[in-house]
Amino acid sequence: MEFIKDMLVQYLIPITAVAFMIFVAVVLINRYVYEENKLRVEEIKMRASEFITNLLFVKSDEGYGQILDELKRELPFKKKFVKEILLDTLVHYQLNLKGGKKEMLNKIYEDLHLNKLSESYIKDSRWHQKSLGIYHFQVFNYTKGIELIRPYLYHSNEKLRSDAFVSFLSLTSENIEFLADYNKKIGLVDELKIVDLIQSKKFSLPSNIDKWILSSNESIVRIGLKLMGFYNHNQNAGEIIKLLNSPSRTIRYEAILAIKKLSISNAEDSLIDLYDREDKLNKLAILDALSEIGSAATVNFLDMLLHQNHFIDSDEKIKIVSSLNTIDSDYFIANFAEDKDIDLIRKHVANLTS
Amino acid sequence: MDFLEDFVRGFEFFIAIFSGSYIVIYVMLTLLSFYAIKKHVNAKNFIREEVLVNSTYLPGVSVVAPAFNEEANIIFNVKSLLSLNYPNFEVVIINDGSTDRTLEKLINEFELTKIDFYYREHIKTKPVRGHYKSTNPLYSHLLVVDKENGGSKADASNAGINSSRFSLFLCTDVDCILKKDTIIKLAKPFIESEGKVIASGAGIRIANSCEVDEGFLAKVHFPTKMFPRFQELEYIRSFMFGRMAWTQLNGLLLVSGGLGMFDKKTVIEAGGYWHKSLGEDMELITRMRKLMYNKKQKFEIKYIPESLCWTEVPGNAKDLIKQRSRWGRGLIQTLAMHKGMLFNPKYGRTGFMILPYFLLFEFLVPIVELLGLIVLLLGIFFLNVDFVFLLNITLFVYLFYLTVTMIAIFFDELLYKNYANLKEIGSLILISMVEPIFFHPINTYSYLKGYFNFIVNNKQKWGTLKRQGHTVELEKVEA
């Protein structure tokens with residue numbers, strides 16, 4: 001007991017008291033410094049935005065140079081936080097402006113030597129700082145920095161590797177055909193990023209896209225299918241239909257979406273054959289695709305499904321009615337006029353899509 | 001007298017062990033929380049939200065919000081929900097048999113008309129009277145469900161889940177003010193994670209003194225009244241600190257009913273919200289965890305250390321006691337209902353870590369505090385109490401409590417700077433010093449009251465908070 005009493009008085013109470021006071025001081029000082037600088041920072045942000053707007057709309061090279069000089073004179077340009085403000089403002093503009101102004105922003109980025117700041121981020125030891133620098137290169141299309149990114153394509157940190165990979169794709173002058181042979185795992189999020197990149201950068205469809213969908217890397221197959229859909233590339237319809245037999249559920253799903261997007265009507269029988277073997281998500285995708293490409297065979301198939309009423313999940317039932325309605329809206333009047341349940345689903349679908 | 005002395009000594013020994021473990025666990029939670037927040041902040045640029053929002057491959061989300069007698073603010077609140085920024089979502093408002101003009105106002109404002117709706121009762125609820133959609137394309141994302149009052153938010157939420165059409169749903173209260181990017185932030189873990197995410201949640205803050213303009217948050221302020229101030233501190237501690245640590249351990253047992261996103265399929269399989277529960281959000285998560293263990297399927301529940309939702313909290317002691325005794329009763333109800341999971345190897349860390357933590361350090365603490373008070377009084381009257389030691393140990397516990405609170409405030413300030421100025425931070429720090437003396441005993445009393453009600457099986461009531469309204473709206477009315 002005496003030991004506990006001594007511990008309390010000599011260590012525990014003083015330590016917790018000091019810890020409490022330190023945190024109070026840190027919170028208050030941190031806020032005080034923030035508030036002291038807030039006005040100044042806001043003002044710099046406003047001025048930075050004004051300068052960048054002026055730079056974007058100036059007509060002559062001479063005027064451009066003058067504004068740059070003025071910016072460097074008026075703002076404490078050598079300070080890192082000012083460069084960071086300028087960089088953030090440029091990124092904001094870059095993400096929100098379109099057309100020729102984007103190239104102008106790239107030029108401002110280089111003329112203000114902000115690429116040096118991005119480089120310093122890439123050389124930082126922390127992965128998230130490296131990622132930030134890499135992202136800047138991507139946003140400002142800073143192709144000269146590509147060699148700084150290359151080493152991170154094989155980095156052990158998955159997130160850094162992913163960011164480097166997407167930026168590399170964005171900056172490389174090489175064609176993206178090489179992706180057909182890419183054998184590293186690409187996460188679902190990376191797939192979204194890559195598709196977004198390819199679509200926003202308006203890459204032309206890779207000439208070897210047929211190889212992409214035959215790749216042993218599932219991600220490349222999925223990306224290839226998405227791209228085919230995006231570019232309305234229906235020359236490989238046969239291969240896409242073959243992918244309905246892929247052992248991978250997600251590849252089959254992506255193939256179904258591509259069939260719908262590309263309106264590959266000769267996939268109808270294959271989709272109907274596949275239906276029973278699929279899980280709910282793929283079944284719904286098949287029904288969606290059939291509503292796009294379906295003919296009399298689909299109508300018969302959907303009719304048969306509806307007559308097996310009690311075996312069908314309710315979400316599927318709604319989709320079946322919806323698809324049948326899309327293909328032949330008179331069909332219900334002729335065949336299900338007395339079926340109140342189906343009539344309600346028809347109205348339900350019509351209400352939700354109207 | 002010997003017996004009493006032995007009892008008091010025994011209790012002292014128990015308290016020493018209990019407090020020691022409590023402190024060790026809190027230190028561990030602090031470290032975990034710090035690590036989890038740092039990880040989140042570092043990774044925030046990994047996939048940018050603007051890339052996601054522009055993507056056509058995002059899952060659809062249904063925003064489910066029950067409303068009961070909300071005629072005063074329903075229009076603003078629904079407009080606020082409809083303005084959320086996400087490419088593919090619907091807002092499902094459930095009018096839970098309101099006795100005021102809630103439904104009428106909705107019908108008039110949003111040009112609603114009753115529709116034929118193929119309603120599927122995946123989860124049993126009180127009868128649904130009808131579904132309404134707007135004839136105005138501007139409100140095409142809105143679906144209103146009118147149902148008989150079920151006496152609980154759970155029943156209304158379940159009807160909303162049954163009526164929703166997307167695979168993810170976000171559950172909130174209709175009077176909660178959500179940040180515009182709430183859906184994408186909560187959906188992000190579902191998209192990013194390689195494993196199966198069954199739920200995600202984020203920070204909730206107090207709206208009592210915030211400036212709200214037509215359902216939109218205009219400016220965040222530290223509450224002006226005492227009770228909301230105490231709760232502000234509590235919320236910071238709980239959301240920035242406890243839940244972040246638990247998310248790091250994939251041990252979240254509570255995704256708040258005010259703001260949580262769920263995988264619909266899992267929720268329906270688990271049976272939805274239990275309408276008899278008074279802590280239905282915690283109970284649902286416990287049941288979802290149980291389901292996933294039973295299915296032998298790996299899962300994650302994620303928490304985001306960002307404040308995405310502002311809500312009004314009890315403004316006086318009476319309302320607070322009502323709310324907290326309901327929480328207390330909900331806690332004991334959930335623990336009792338799922339006692340079979342405790343130390344059951346089948347339920348992994350839920351059985352061996354999370355539920356024992358809730359049993360020992362959430363449920364038991366008010367009881368231990370009450371016993372401590374009784375023992376103290378007995379000691380004072382019948383035994384020689386070492387007052388110096390008593391004072392020292394009290395001071396230590398007090399300082400430890402303050403330090404934990406300050407760490408939470410520090411994290412919050414460092415990341416978000418939610419408050420308007422230094423004065424508000426100063427008030428927050430000062431209020432943290434009196435919180436253990438004034439607020440904590442009321443909280444403890446309320447929980448004990450909840451436990452008592454559970455044991456004697458008092459009739460349960462679904463508490464409705466008397467809304468004080470938000471500053472700006474009140475001023476507008478007065479003007």
Side-chain angles (χ1 to χ4, degrees), chain A residues 1 4-5 8-9 12-13 15-17 19-24 26-28 30-32 34-35 95-96 126-129 131-132 135 159-160 162-163 187-193 195-197 199-200 226 230 280-281 314-315 317-318 321 341 343-352 354, chain B residues 12 16 23 41-48 50-52 54-58 90 115-120 122 131 133 135 137 140 143 165 167 191-194 265 386 388-389 392-393 395-403 405-407 409-410 413-414 417 419 421-422 424-426 428-429:
Chain A
M1 199 61 185
I4 294 175
K5 284 179 182 173
L8 259 180
V9 176
L12 296 176
I13 292 175
I15 288 171
T16 43
F20 170 65
M21 284 188 285
I22 286 174
F23 277 108
V24 169
V26 169
V27 168
L28 290 176
N30 176 54
R31 174 49 79 131
Y32 177 75
Y34 169 76
E35 281 187 18
L95 295 175
N96 291 292
R126 293 163 294 180
W127 78 265
H128 58 278
Q129 289 294 88
S131 266
L132 186 64
Y135 176 70
K159 288 191 163 84
L160 176 59
S162 156
D163 284 338
L188 188 65
V189 169
D190 297 327
E191 284 181 29
L192 288 181
K193 284 202 254 186
V195 171
D196 172 72
L197 177 76
Q199 292 175 355
S200 62
K226 282 193 173 93
F230 182 72
K280 185 172 165 178
L281 191 67
S314 56
D315 287 327
K317 195 168 176 183
I318 291 176
V321 173
D341 201 34
D343 189 49
L344 181 61
I345 297 175
R346 273 185 70 208
K347 287 174 180 162
H348 172 92
V349 171
N351 283 324
L352 291 185
S354 62
Chain B
E12 277 176 354
I23 287 166
V41 172
N42 287 351
K44 74 175 177 193
N45 290 328
F46 171 55
I47 172 113
R48 284 163 195 274
E50 60 267 15
V51 172
L52 284 181
N54 291 328
S55 173
T56 47
Y57 303 101
L58 290 187
E90 65 171 348
I115 57 164
D116 293 301
F117 192 93
Y118 185 60
Y119 180 72
R120 290 153 294 158
H122 302 294
H131 289 81
K133 285 278 288 179
T135 50
S140 61
L143 174 73
R165 66 183 161 129
S167 58
I191 302 160
E192 260 180 343
S193 181
E194 299 273 315
K265 191 166 169 260
D386 183 345
V388 176
F389 178 67
N392 281 336
I393 195 83
L395 181 63
F396 169 63
V397 171
Y398 175 72
L399 285 169
F400 181 77
Y401 195 83
L402 287 187
T403 308
T405 306
M406 279 313 301
I407 293 172
I409 295 174
F410 172 65
E413 259 296 280
L414 210 58
K417 302 221 162 23
Y419 302 103
N421 51 43
L422 192 63
E424 288 191 352
I425 302 289
L428 194 66
I429 294 171

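Proteins get letters first, then strands, A, B, ... in listed order; numbering begins at 1 in each. Because the structure is predicted, anything quoted here is derived from the model rather than measured.
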Checking heavy atoms, do the side chain of [X], its backbone, both or neither come under 4.5 Å from chain A?
X: B:Y398; result: neither
X: B:I429; result: side chain
X: B:H131; result: neither

Which distance, rounded to the nearest 0.5 Å, do you find between the CD of B:E424 and the CZ of A:R31?
8.0 Å
Working to the nearest 0.5 Å, report the span between CG of B:N42 and CD of A:Q129.
8.5 Å
Looking at every non-hydrogen atom in both residues, tell me the closest pair between [X] and [Y] and how far apart they are.
X: A:I13; Y: B:F396; result: CG1-CB, 3.9 Å
X: B:M406; Y: A:V27; result: CE-CG2, 3.8 Å
X: B:L422; Y: A:L28; result: CD1-O, 3.7 Å

Report which part of [X] has an atom under 4.5 Å of a heavy atom belonging to chain B: side chain, backbone, both, or neither.
X: A:L12; value: both
X: A:I318; value: side chain
X: A:V9; value: side chain

Test log, rule side-chain contact (heavy atoms from CB on, under 4.5 Å), inputs A:V349 and B:Y118:
CA-CA 8 Å; A:V349 171; B:Y118 185 60; over 6 Å; no
Closest-packed option against chain A by number of heavy-atom pairs under 4.5 Å, given B:T135, B:L395, B:N392:
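Among B:T135, B:L395, B:N392, the one with the most close pairs to chain A is B:N392.
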In terms of heavy-atom pairs under 4.5 Å with chain A, the winner among B:T403, B:I425, B:D116, B:L399 is B:D116
For residues [X] and [Y], determine if any side-chain heavy atom of one lies less than 4.5 Å from a side-chain heavy atom of the other.
X: B:E413; Y: A:Y34; answer: no
X: A:N30; Y: B:F410; answer: no
X: A:F23; Y: B:I409; answer: no

My understanding is that only residues two or more places apart in sequence, or in another chain, count here; which of them pass salt bridge (Lys or Arg N to Asp or Glu O under 4.0 Å) with A:D315?
A:K280, B:R120
Please identify each residue that fulfils salt bridge (Lys or Arg N to Asp or Glu O under 4.0 Å) with A:K5, with sequence neighbours left out.
A:E2, B:D386
Under 4.5 Å, counting heavy-atom pairs only, tell me which of A:I4, A:V26, A:T16, A:V24 racks up the most with chain B.
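Of A:I4, A:V26, A:T16, A:V24, A:T16 has the most heavy-atom pairs under 4.5 Å with chain B.
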